[in-house]
Protein chains: 2
Amino acid sequence: MKNITNIPYYLKSNDIKPSFQRMKIFDYLYKNKNHPTVEMIYKELSGIIPTLSKTTIYNTLKLFVKKNIVIIVNIEDNETRYDADVSTHGHFKCIKCKEIYDFLFDTENLKIQNLKGFQKDKIDLYIKGICKECLFSG
Amino acid sequence: MKNITNIPYYLKSNDIKPSFQRMKIFDYLYKNKNHPTVEMIYKELSGIIPTLSKTTIYNTLKLFVKKNIVIIVNIEDNETRYDADVSTHGHFKCIKCKEIYDFLFDTENLKIQNLKGFQKDKIDLYIKGICKECLFSG
DNA sequence: CATTTTGTTGTAATGATTATATTAATGTAA
DNA sequence: TTACATTAATATAATCATTACAACAAAATG
Ligand SMILES: [Mn+2]
Ligand SMILES: [Mn+2]
Ligand SMILES: [Zn+2]
Ligand SMILES: [Zn+2]
C-alpha cells in the first residue's frame, strides 16, 4: 500500500480538515493493519484521548470512506471493519485464529460471466478458511 | 442452480424437519431469487401465515445456513440477505436500482498471491457498479 | 396413554449505528 | 479586535437488527 509520511497533509490533500481526532484515528488505521472495528479503535484511542466519543469515530470513519481514503471490510456479517489500504486487494479470514490477512489477486484475468455491459466500480473478494499457522499448529 | 421439486424431501435429506413454517420460508427463498432480507420474507409470509414471528424466520435461516442449504449474501454492511442458491457464484449490486444480480466466475483460474498453504473453504465475490439497464436508461 | 423432545412464538435484552441537540473551535468580515 | 458564520466534537437519546429467554404447542417416543 501507499507510503504516507505526513498524515495532516494526506488528509488535506483529500479534502479533509486535519483535526486532532481525525489525525489520531487515521494514524491508528495506518499503523495497525489489523482491520479494526470501531470498538477496537475506541478501546485503544480513548486511553490517549479520554474525551473521545464513539460518535466521533463513526463520523470520522464515514467521512474517510466518503473521501475514499478508507474502505469497509465486510467479511463478517456481524462486524464492520475498516482499512486504510484502499488499493485493490482481497481479505482472508481464518476461522480458527480469527486473523484477517490481506492478499493480492489478478483482476485483469478474472473471468466473469453474465455481466456483459455492466459498469464495475468496486470489487470485493473475501475468502474464509484456515491459515497456514493454524493448519500446522492445530 | 439445483432444481428442487420436492421441498419437504429436500429439507429432510438435509437433516431438517420440514415444518410448515420452514417449508414456506424455503419455498419463498427458492421461488424468489431476489436475495431477500428477513424483513422482506416477513412482509410477504405474514400475509399467508398471520402468526409467523420474525424470531422464527431468524431461527429458520440460521438453521438453513448451518445445514448449508442457504448462504448469507453480505454485499451491503447494513443488511443481511439470504440465498437458496448455494452453488459458487458472485453477486453484483447496482447502486442505481439496488437490484442484486448473480454471476458466474472462474475459481480455477483465479490468481491469488500471498495465500500459499492456506486452506480456502469459502469464497465470496461482490461487485458494485451500475447495471446494463440503468446505464442505458439513465 | 404419559413423557420427552422439538418447534414456534412473544417479550425483553443487547449491541451497533444513527439522529439530534449542544458546545467548542475555527474562520472571516467589518 | 469584535461579531457572526461555519465546521467539528461531544453527549444523550433514539432506532433498528438480532439474540436470549421463557412459555406454549406440536410431535415423537415408548
Ligand atoms: Mn486490507
Ligand atoms: Mn445469488
Ligand atoms: Zn489462523
Ligand atoms: Zn440498475
Side-chain angles (χ1 to χ4, degrees), chain A residues 7-8 10-12 14-29 35-67 69-83 98, chain B residues 7-8 10-12 14-29 35-67 69-83 98:
Chain A
I7 288 178
Y10 183 67
L11 295 183
K12 265 183 254 169
N14 282 281
D15 192 29
I16 298 165
K17 290 194 186 167
S19 73
F20 182 68
Q21 288 81 348
R22 287 171 177 174
M23 288 191 289
K24 284 294 181 191
I25 292 168
F26 190 84
D27 185 63
Y28 177 88
L29 278 168
H35 310 90
T37 60
V38 164
E39 190 61 32
M40 288 161 73
I41 300 173
Y42 181 72
K43 280 246 176 64
E44 177 74 16
L45 291 188
S46 61
I48 306 166
I49 316 166
T51 61
L52 183 68
S53 77
K54 276 193 193 172
T55 306
T56 296
I57 300 175
Y58 278 108
N59 289 342
T60 302
L61 290 172
K62 187 163 283 187
L63 178 66
F64 287 173
V65 170
K66 198 176 107 190
K67 297 297 186 182
I69 66 168
V70 159
I71 55 168
I72 291 176
V73 176
N74 218 12
I75 192 166
E76 215 64 83
D77 66 319
N78 56 354
E79 57 179 27
T80 304
R81 291 170 169 272
Y82 297 87
D83 192 348
K98 316 295 183 198
Chain B
I7 289 179
Y10 182 68
L11 295 183
K12 266 183 253 168
N14 282 282
D15 193 29
I16 298 165
K17 289 193 187 168
S19 73
F20 182 68
Q21 287 81 348
R22 287 170 178 174
M23 288 191 290
K24 283 295 181 190
I25 292 168
F26 190 84
D27 185 64
Y28 177 87
L29 279 167
H35 309 91
T37 61
V38 165
E39 190 60 33
M40 289 161 73
I41 301 173
Y42 182 71
K43 281 247 176 64
E44 177 73 16
L45 291 188
S46 61
I48 306 165
I49 316 168
T51 61
L52 184 68
S53 79
K54 275 195 193 171
T55 306
T56 296
I57 300 175
Y58 278 109
N59 289 340
T60 302
L61 290 171
K62 186 162 285 186
L63 178 67
F64 286 172
V65 169
K66 199 175 107 190
K67 298 296 187 181
I69 66 166
V70 159
I71 56 168
I72 291 176
V73 176
N74 218 12
I75 193 166
E76 214 63 84
D77 67 319
N78 56 355
E79 57 179 27
T80 304
R81 291 171 168 272
Y82 297 87
D83 192 348
K98 315 295 183 199

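Chain identifiers are assigned alphabetically (A, B, ...) following the order of the sequence lines, protein sequences preceding nucleic acid strands; residue numbering begins at 1 within each chain.
Applying the side-chain contact (heavy atoms from CB on, under 4.5 Å) test between A:I25 and each of A:T60, A:N59, A:I49 identifies A:T60 as the sole match.
A donor-acceptor pair under 3.5 Å is absent between the side-chain atoms of B:D27 and the main chain of B:I7, judged by distance alone.
Here the P atom of nucleotide D:dA9 and the NZ atom of A:K24 are 14 Å apart, to the nearest Å. D:dA17 atom C1' lies 16 Å from atom CE of B:M40, rounded to whole Å. Taking atom NZ of B:K12 as the reference point, atom P of D:dA28 lies 10 Å away to the nearest angstrom. Across the protein-nucleic acid pair, B:L63 atom CG and D:dT18 atom P stand 17 Å apart, rounded to whole Å. When the C1' atom of D:dA17 is taken as reference, atom CG of A:N74 falls 14 Å away, rounded to whole Å. If you take CD1 of A:I57 and P of D:dA8, they are 17 Å apart, rounded to a whole angstrom.
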Heavy atoms under 4.0 Å is the rule here; annotate nucleotides 8-20 of chain C 5' to 3' with B where the base is hit, S where only the sugar-phosphate is, and - elsewhere. SBBB----SBBB-
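The two residues B:L11 and B:M23 come nearest to each other via the heavy atoms CD1-CG, 4.0 Å. Taking both residues in full, the closest heavy atoms of A:P36 and A:Y28 are given as CG-CE2, 3.6 Å, listed atom of the first, atom of the second, then distance.
Distance OH/B:Y10 to CD1/B:I16: 8.5 Å, rounded to 0.5 Å.
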Test side-chain contact (heavy atoms from CB on, under 4.5 Å) on A:I72 and A:Y82; report intermediate values, then the result. CA-CA 5 Å; A:I72 291 176; A:Y82 297 87; 3.8 Å; yes
